[in-house]
Amino acid sequence: MAAPKVAVVGAGVIGLSTALCIVETQPSCSVTVLSDQFSPNTTSDVAAGMLIPHTYPGTPIPVQKQWFRETFTYLFAISNSAEASEAGVHLVSGWQVFKNTPKEELPFWSDIVLGFRPMSEAELQKFPQHRFGQAFMTLKCDCPPYLLWLEKRLKATGVQMCTRKVADLWELHREYNVVVNCTGIGAHQLVGDEKLFPVRGQVLKVHAPWVKNFIREGDGLTYIYPGIHKVTLGGTREKENWNLSPDPGITKGIFDRCCSLEPSLQGAQDIQVKVGLRPSRQCVRVHKEVLSQGGVKLPVVHNYGHGAGGFSIHMGTAKEAARLVEECIAALQGSSSRAKL
Amino acid sequence: MRVAVIGAGVIGLSTALCIHEQYHSLVPSLELEVYADRYTPHTTSDGAAGLWQPYLSDHGNLQETLWNKETFDHLLGQLGSPAAKEMGLFLISGYNLFTQPVPDPSWKNIVLGFRNLTPKELELFPGYSYGWFNTALVLECRTYLPWLTNRRLTQRGVKFFHKKIESFQEVSGDGVDVVVNCTGVRAGELQPDPELQPGRGQVIKVLAPWVKHFIITHDMESGIYNSPHVIPGSEFTVLGGIYQHGNWNEDNSAQDHKTIWESCCRLLPALQKAKIVAEWSGLRPARPRVRLERETLRHGHLPAEVIHNYGHGGFGITIHWGCAMAAARLFGSILQEKHWASSPPQPRL
């Protein structure tokens with residue numbers, strides 16, 4: 001078989017990182033990224049990109065922890081290099097505060113982030129409505145810079161980026177040997193996955209450069225995440241809501257909730273409102289299958305359904321998806337050499 | 001009653017404010033005047049990064065530690081108010097790095113969340129084997145001094161004069177009842193003080209908004225501030241690492257620039273792509289201890305009351321409010337002695 005041709009559908013953080021892993025582990029492959037949207041118009045661009053994992057009820061915790069660890073290690077190295085500013089990757093420290101002491105005091109990821117510890121009494125005084133808190137340092141991937149940096153690295157290895165709306169994976173079977181489905185919320189329609197549902201998130205991106213620490217309420221609904229140029233204020237979690245238009249009532253609600261955590265935000269300027277649909281699922285679908293139609297086979301590797309935790313585990317799932325692609329190619333090469341006999 | 005404050009850096013302006021806030025109701029005729037040859041943005045305070053952090057050791061000077069604490073607590077209390085942004089005040093967390101274990105500093109319980117660095121965190125800083133992490137404050141004087149001037153002092157009727165005062169007599173002979181000497185590094189021009197020396201510093205201001213933490217390194221051999229440090233501000237990040245005792249030169253040095261840039265980029269590789277926007281040199285008013293005391297000067301037949309408040313070295317912002325309050329208490333004692341108040345000053349806790 002000549003250089004295997006791989007199509008990666010989707011150009012958010014999952015599509016681009018998966019394409020990069022494939023290119024790095026299988027240099028003989030020719031990889032093309034196909035997507036109807038590229039940065040700054042992907043779901044990833046709305047997200048703050050904070051490495052604070054979401055817990056998937058359907059995926060074993062050790063697997064989630066491994067994915068998070070791989071992602072954290074990879075980004076940690078970038079944050080400490082000359083590439084950091086271009087890649088948009090930086091360390092940020094802060095606090096997670098609870099109005100009531102949580103049942104589970106130590107999240108599974110507490111030993112992967114840096115310096116995780118309970119907040120002191122003096123630190124909690126800054127949050128009079130909260131009785132308990134945790135302080136730690138983690139990483140943030142700012143978008144668009146992170147996605148643009150991934151695109152740049154991909155193009156440097158010869159990967160093509162094509163703006164194209166794929167309505168059916170079978171469209172691709174003549175041009176490509178393996179298809180990698182990183183379509184996020186798009187998989188609901190593309191592969192008819194009924195288990196995938198949107199969780200609508202509205203955020204504000206504001207200019208408040210004096211905010212240097214993150215603050216997050218334990219339930220994850222209210223958060224303040226300082227990025228390189230803008231601070232992301234959030235948020236909402238609206239299940240099964242497909243509406244991409246900003247809601248002004250929600251905007252005010254987010255702003256008020258964040259100002260009560262951090263009063264200096266009253267002075268924030270240049271407020272922009274964004275909406276994204278978290279591609280949510282009980283478990284992340286990282287899985288290979290071979291589609292079959294009229295005697296023609298098409299190997300497909302799925303890598304979608306990361307919901308609220310895409311950035312936190314993207315490298316881990318990208319590596320796993322790349323391994324599955326390798327298996328698909330090996331199987332194809334095995335059967336093609338059998339065909340030659 | 002006329003009071004002249006000489007000097008319009010962080011010390012002069014905050015002292016003027018404390019005196020006025022506490023005594024204008026007791027002394028209805030109180031007229032406060034500020035005299036300075038340099039105003040913001042040209043004072044020493046304006047060049048400082050503004051990080052609240054005392055030196056590592058207080059040399060047994062408990063008084064200074066208490067003034068530092070008063071300042072921190074006062075600023076922390078301002079954080080939740082809308083004034084914080086207008087003051088140029090915000091919280092910031094960061095690292096202190098060492099090449100060997102050191103005792104905990106006098107301020108460990110003043111700052112928030114003080115802890116040792118974990119081994120994983122130290123991996124970020126090859127060459128450093130020990131360190132601290134804590135949350136402190138930045139108070140940017142480029143914003144704070146105009147705020148003190150426009151939002152506090154001017155409203156209170158304090159008058160400002162752009163004038164270099166050549167001697168205490170110049171003001172006391174002119175009918176000023178109390179002179180407050182906040183002249184920083186050039187206090188020796190008004191009254192010789194061999195203990196006061198310039199501690200020359202140079203800084204490079206860069207655009208690096210991806211850096212969210214301060215990093216102060218310490219080299220026990222080269223001494224305080226002679227080791228690279230990175231301090232993010234609200235707009236720019238300040239890179240420094242120069243302390244030259246006895247050097248009066250306020251011009252930027254190319255050699256110092258190279259030292260700062262190379263050592264900071266080695267410390268934090270993420271700085272390599274940062275754009276340089278400015279360079280500045282200033283003279284820290286270094287003294288073995290802060291001079292905060294009264295002096296009665298006798299010129300001719302009229303004694304002049306002077307309150308000295310200078311010599312805050314590289315920790316002026318860190319200690320300013322505690323010193324301003326102490327200077328105001330000295331002012332109160334002058335009022336009491338001279339029966340200049342309409343009623344005795346109330347004891348202050």
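Just so we're on the same page: letters track the sequence lines, and every chain starts at 1. This is a predicted model, so every value here is computed, not measured.
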Regarding T135(B) and N213(A), do their side chains bring together a donor and an acceptor under 3.5 Å, going by distance alone?
no
Checking K212(B) side chain against G227(A) main chain: does a donor-acceptor pair fall under 3.5 Å?
yes
Would you check if the side chain of K212(A) reaches a backbone N or O of G233(B) as a donor-acceptor pair within less than 3.5 Å?
yes
Could you look at [X] and say if it's the side chain, the backbone, both or neither that has a heavy atom under 4.5 Å from chain B?
X: S120(A); value: side chain
X: E86(A); value: side chain
X: N80(A); value: both
X: K140(A); value: neither
X: A82(A); value: both

At a heavy-atom distance under 4.5 Å, which candidate from E140(B), Q272(B), E86(B), K273(B) has the highest pair count against chain A?
K273(B)
Under 4.5 Å, counting heavy-atom pairs only, tell me which of G113(B), S93(B), A208(B), A84(B) racks up the most with chain A.
G113(B)
Looking at [atom1] of [X] and [atom2] of [Y], how far apart are the two atoms once the value is rounded to the nearest 0.5 Å?
X: E262(A); Y: F90(B); atom1: CD; atom2: CZ; answer: 11.5 Å
X: K126(A); Y: L76(B); atom1: NZ; atom2: CG; answer: 8.5 Å
X: L122(B); Y: L114(A); atom1: CG; atom2: CG; answer: 10.5 Å
X: L124(B); Y: F76(A); atom1: CG; atom2: CZ; answer: 3.5 Å
X: S93(A); Y: E121(B); atom1: OG; atom2: CD; answer: 9.5 Å

Is the shortest side-chain heavy-atom distance between P209(A) and E235(B) below 4.5 Å?
no
Side chains of F133(B) and M137(A): closer than 4.5 Å at any heavy-atom pair?
yes
Nearest atoms (heavy-atom pairs only) where [X] meets [Y]:
X: V92(A); Y: H213(B); answer: CA-CE1, 3.8 Å
X: A270(B); Y: A84(A); answer: CB-CB, 3.7 Å
X: T118(B); Y: G115(A); answer: CG2-CA, 4.3 Å

Pair count under 4.5 Å, heavy atoms only, with chain B: among M119(A), R117(A), Q266(A), highest is R117(A)
Is it true that, when you exclude K120(B) itself, more than 12 heavy atoms of the residues, nucleotides or ligands shown sit nearer than 6.0 Å to its NZ?
yes
